[in-house]
Amino acid sequence: MGSRGIVTIDGPAGAGKSTVARLLAQSLGYLYLDSGALYRAVAWQARQLGLDLERDSTLEEFLADFAPELTADSRGFHLVIDGVEVSQGLRSPEATRESSRLATRPLVRRWVKDRLRHLGANGGVVAEGRDQGTVVFPGAAHKFYLSAALATRAERRRREWQGEGDAPSLVDMMADIAARDLRDETRVEAPLRVPEDACVIDTTDLSIEAVLKQCLAEIGVL
Ligand code: DC
């Protein structure tokens, strides 16, 4: 790739987006923009403050004041809220569920989009999420869409739970992911879609290394 462009990686939960995005950012020397972490941060802070954000006016007021310290490198965001480093807490089941709900709200999507565009203004980023190639960076130089079978995605998520208490059953995890897929695909604002000009990769039977290699070849650095 000649100049430091923008690479987007979209797809549903468990398709391998974050791992591939991080490795790709490291290979290219780019920043890794983990858009999901910003939705999770909104959910996390709302919970900390015990806020009920059902009304748009309350949500708008909350977002106007919400300014986490945000730095990005090739491994992801470093997020500090009210002096507390929150990256780990963002992965909790509550933040996961609540971020999926809040991600249907136009005000939240605009808040996240503004921050991502600011961070990507000079290029040199791998932006990962559900709408990066379609809405946030439609002019990106390279777009990828990763998918995988539901059972495979649920199993990958279950493995991430190991060592963190009771992992849900595979059936429960599949139901949870299927519900999130449905919410992500059917919301009115920026639904999860395959960008028209994306390279689609089904990762069901592929190793991370194989996916990374395919992305680098597509970008033209292999
Ligand atoms: O990728 P993730 O699991 O960290 O994302 C958390 C939630 O945020 C997910 O349920 C969907 C939402 N999200 C989104 O709607 N758009 C994005 N670009 C990224 C995440």
Side-chain angles (χ1 to χ4, degrees), residues 6-22 24-25 31-47 53 59 63 66 68 70 72 75-79 86-120 125-138 140 143-148 150 153-154 156-161 164 168 173-195 198 203:
I6 293 177
V7 179
T8 61
I9 302 188
D10 289 306
K17 298 186 304 290
S18 4
T19 312
V20 171
R22 195 174 293 118
L24 203 50
L31 305 179
Y32 163 35
L33 306 188
D34 171 8
S35 61
L38 298 183
Y39 290 98
R40 287 167 183 273
V42 171
W44 189 88
Q45 178 69 345
R47 194 179 167 83
L53 298 176
L59 180 59
L63 290 172
F66 185 39
L70 184 63
R75 287 172 315 230
F77 286 132
H78 184 74
L79 264 162
V86 296
S87 306
Q88 219 30 50
L90 299 185
R91 311 299 309 175
S92 72
E94 296 77 26
T96 300
R97 248 190 316 274
E98 200 45 37
S99 62
S100 172
R101 290 200 190 92
L102 281 166
T104 63
R105 308 280 295 275
L107 287 167
V108 176
R109 300 209 72 85
R110 192 172 66 207
W111 185 90
V112 172
K113 184 171 71 179
D114 289 350
R115 266 136 203 91
L116 293 169
R117 286 196 176 158
H118 178 72
L119 288 160
V125 299
V126 177
E128 175 250 311
R130 309 285 194 286
D131 61 343
Q132 303 302 289
T134 48
V135 174
V136 180
F137 298 113
K143 299 182 184 179
F144 296 95
Y145 186 92
L146 305 189
S147 66
L150 177 62
R153 295 191 282 123
R156 287 175 184 163
R157 278 292 141 95
R158 243 167 66 84
R159 257 183 265 137
E160 285 172 11
W161 275 67
E164 292 191 33
M173 191 53 104
M174 282 173 70
D176 202 50
I177 290 189
R180 277 176 73 192
D181 284 355
L182 187 69
R183 233 179 348 249
D184 291 344
E185 286 164 7
T186 56
R187 65 175 171 238
V188 176
E189 189 85 6
L192 172 63
R193 292 263 187 280
V194 181
T203 69

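Atoms within a ligand are numbered from 1 in the order they appear, just like the ligands themselves.
A search for side-chain contact (heavy atoms from CB on, under 4.5 Å) contacts involving A15 returns P12, L146, R153, not counting sequence neighbours. Annotation: side-chain contact (heavy atoms from CB on, under 4.5 Å) contacts of R183 (sequence neighbours excluded): S100, R101, T104, R180. Every residue meeting the side-chain hydrogen bond (donor to acceptor under 3.5 Å, both in side chains) condition with R105, not counting sequence neighbours, appears here in chain and number order: D56.
Side-chain atoms of D10 never come within 3.5 Å of backbone atoms of Y145 as a donor-acceptor pair (strictly under, hydrogens ignored).
Contact residues of ligand 1 (protein heavy atom closer than 4.0 angstrom to a ligand atom; sorted by chain and number): S35, G36, Y39, R40, R91, S99, S100, A103, R109, G129, R130, D131, Q132, R180, D184, R187.
Defined by atom type and a distance below 3.5 Å, a donor-acceptor pair is present between the side-chain atoms of R40 and T96.
Residues G14 and R156 come closest through the heavy atom pair O-NH1, 2.9 Å.
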